[in-house]
Each structure stands twice: as C-alpha cells, then as structure tokens.
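FYI, the numbering just counts along the sequence from 1.
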Amino acid sequence: MTIVKPSLFPGGGSSPLCSLKTSLLTVAVLTFVSLFYLSLNSLRTSPPSPVVLTPIHVPQTVKEDKTDNNNDDNDGTAPTTGEDNNYSDVYHSPESFRLNYAEMEKRFKVYIYPDGDPNTFYQTPRKVTGKYASEGYFFQNIRESRFRTLDPEEADLFFIPVSCHKMRGKGTSYENMTVIVQDYVDGLIAKYPYWNRTLGADHFFVTCHDVGVRAFEGSPLLIKNTIRVVCSPSYNVGFIPHKDVALPQVLQPFALPAGGNDVENRTTLGFWAGHRNSKIRVILARVWENDTELDISNNRINRATGHLVYQKRFYRTKFCICPGGSQVNSARITDSIHYGCVPVILSDYYDLPFNDILDWRKFAVVLRERDVYNLKQILKNIPQSEFVSLHNNLVKVQKHFQWNTPPVKFDAFHMIMYELWLRHHVIKY
C-alpha cells in the first residue's frame, strides 16, 4: 500500500495552519451550540416570574371619586367604583406608578424645619385661595399628611418653609426677599448638620409666584443643589427637569362644578380670553380675534356681561387655548382640565406638571408657539373620535389637579409628593 503524504508546498494540499484554523472554528461552533442548548433548556425548566396584573382604575365621575378617596384605606391602589375604567392610557407606566405610589405612602418622610416666625414669612401659608393657592395648599397639606416626621434622622427630604408669597403680601421688595431667603438658609446650615451631608440636595422649597423663583435665584446653592417646586418651570431660565418639580398653578376655589362626559354640549371649537401680557398672546389675539369659529377675546370678559360668563364658556367649548403669560405657565390649563375643556398648550420651554407620570398628549393638544398661525386648521383636523378620547381621558386626570384639605389620595398634593419621592432616590449621602 502506498501512503500519500500531504504536500508542504502551496498548491499541494491543505497546510497545517489551515487545518488548525478549521479545527478551532469547529470547536467554537460546537461550544456555542452547547451553551445555547443549555441556556434554552434552563429557560424551559425555570419557573416563571410572578407578574402583577392589577390595573389602575378611576371612577366615572369626580363626585364618585371623592367619595372613594374619603374612604381611603391607604393600600396603595387606585380607588374603584362599580363601573371600573382602566385608565392606564393616561400614564406613561401605569404599573410603575401604582407600585411606586404604594411604596411612597408606606415609607416617605419629610422633615419641616421649625425655625422662623409663622407671623412673618415662614411655616404657614399666606392663603389658600387665588391663583397662587398651590403654594398655600402645599404648606398646609404637608402638616396634615402622614409624610411629615418630627425626627430629622428618619427624613428622606427636608422642607425649607419660607414663603415668598407671604413676603409679597407684606410688600417686601425683590431685593429684600433675596436677603431674607439667604439669611434663613444660612441659619439652617449653621444650626443643623443635614444640609452639609448633601450640600442641600435632599432639601426642597415650594413657590408659585414668579417673584419667589427670582428671590431664590439670589442663592446659587439653592438653584444648583436643592429641589425647586415651582409653578413656572421653564427650560430656558434654569429649570432642571430631573431635579426640579413643576407645580400646577390652580386657581382656587373653582367657581363652578367640574365638567366632563358632556361632549354633546361642546359646540364651540376653541376659546381664549385674557390679557395680552406676552408675545404669544398678542399674536393669538391679532390673528384670531375676529374669527367666527374661534371664540378669542382680546381682554378678560367683563363681569358686567353676566354672572360667571367666563367660566361657563369652558363648559360649551371643545378646545381651550392656553398660551403662556408673563411666565410659561397659566392657571387656565387647570381651569380647562376642571371644566372638561381639552387644553391646547401654546407655550414653548414649558415642563408640564407631572409630565414624567402623565402622557399629556392623551388628554391635551400640545403645540409649539409658531403653530398659532395654523391654530384653527389644526383643531378642525382633529377627528371627532379623537376629541372624544381626549375629553374622556381629561376627566380621568381631573383628580390630579385638585387641592383638598386634608389632602386625599392621588390629588395634586400627593402627585407633588410622588414627584419628590422619585427624586429622593437619586440623592447620595
């Protein structure tokens, strides 16, 4: 028998190097197939992870919702009625919200610094009425809630209870406000050890009036480090969305009951009436004031024309135009929500309240300011079925923009506390 030896030269057969590469490739493929088989077999034999399937529900009407809230058993789940409605479509992540909210109710604690005379600028609200009522309600609600702790060692966050709205009511100038705020914070830093643990990152203040934002801007550390809960959350003036919180501006009390579930009564396409105190309002009035389908008034409606004429127009309108005023925010947005009129947001750089929780495009029309020139056509292009969906979702979120005393589950106070709860997790000691 003749044995043929492989050639060591090119063209005379496979080289040892080629054979080695082939062998290594074969081993690699076999190893990959083996690992894939083991992984697949492991997945097939492992027990499935439990999945929470409980949906969030909301009552059909605001009246029913309040009844449920008053009977709140604090179990972390949303209230329900006999006709449950799954309203997961108004949340970005309904299951995360449900679980995190329940955890917040069990664990979240806030310490309120006791320093400062309540008869001057500290501790208590100036009032809980008017267009800056949100600030006053928070000052009052935090003391009525389960979240307050008298032990600073168990606190997750620290509330700086200085009210610029009270300063404004006493005629304090902006310059003096800045000095008062800075002196108060300096006193807290000198007296307590808690600020220095995080340089104020676990501290927060609340202000709704725009002069309050300006007063706190006199302290760079407050702007950079603390959590600012403000009614004018504008991206172009230093608002930091992942750190700060947008406080909804709510005109309290509402003059008339909540609207909703009444689409057949809404025959006016769009409505706005107000002062021209911003560029976007000037353009809105100039372009659409004389339009026959959009009800646009250059000034606020005179009370002499009738009782609550302004508020009643919300009831018969499909879309309520909400342009920014002297700041990006406007109480007209929460008015629209309360009266069941789909808000049309015309305000650039506005971080909408609860924007990281609620999907605003499911219950509002969010436009850029430059869209004002095509406003009527944009609204007319919205199909009736889409308007009905927006309106129905709007009714579902009304509870989140309502203040109460004492506070009730899922109202504006609890939504703000939830925002704070989310932010306290990123603070490192």
Can you name the residues that form a side-chain contact (heavy atoms from CB on, under 4.5 Å) with Val366, not counting sequence neighbours? Ile345, Leu352, Trp360, Arg361
How would you list, by chain and number, every residue that makes a side-chain hydrogen bond (donor to acceptor under 3.5 Å, both in side chains) with Tyr192, sequence neighbours excluded? Asp115
Residues that Asn225 engages under side-chain contact (heavy atoms from CB on, under 4.5 Å), provided they are two or more places apart: Leu199, Leu221
In chain order, what residues pass the side-chain hydrogen bond (donor to acceptor under 3.5 Å, both in side chains) check against Glu386, with sequence neighbours excluded? none
Are Phe204 and Phe159 close enough that their ring centres sit under 6.0 Å apart? yes
My understanding is that only residues two or more places apart in sequence, or in another chain, count here; which of them pass ring pair (Phe, Tyr, Trp, His ring centres under 6.0 Å) with Phe413? Phe138
The criterion is side-chain contact (heavy atoms from CB on, under 4.5 Å); which residues satisfy it with Ser389, sequence neighbours excluded? Asn393
Residue list, ring pair (Phe, Tyr, Trp, His ring centres under 6.0 Å) with Phe314, at least two apart or on another chain: Phe271, Tyr310, Tyr339
List in chain and number order the residues that pass ring pair (Phe, Tyr, Trp, His ring centres under 6.0 Å) with Phe319, two or more places apart in sequence or in another chain; answer none if no residue qualifies. Phe387
Could you tell me whether Asp348 and Lys279 have a side-chain N and a carboxylate O separated by less than 4.0 Å? no
By side-chain contact (heavy atoms from CB on, under 4.5 Å) - contacts of Pro152 (at least two apart): Tyr111, Phe158, Tyr194
Can you list the residues that meet the side-chain hydrogen bond (donor to acceptor under 3.5 Å, both in side chains) rule with Lys376, with sequence neighbours excluded? Asp291, Glu293
Under the side-chain hydrogen bond (donor to acceptor under 3.5 Å, both in side chains) test, which residues partner Thr405, sequence neighbours left out? Gln140, Glu144
Listed by chain and number, what are the ring pair (Phe, Tyr, Trp, His ring centres under 6.0 Å) partners of Phe254, not counting sequence neighbours? His338
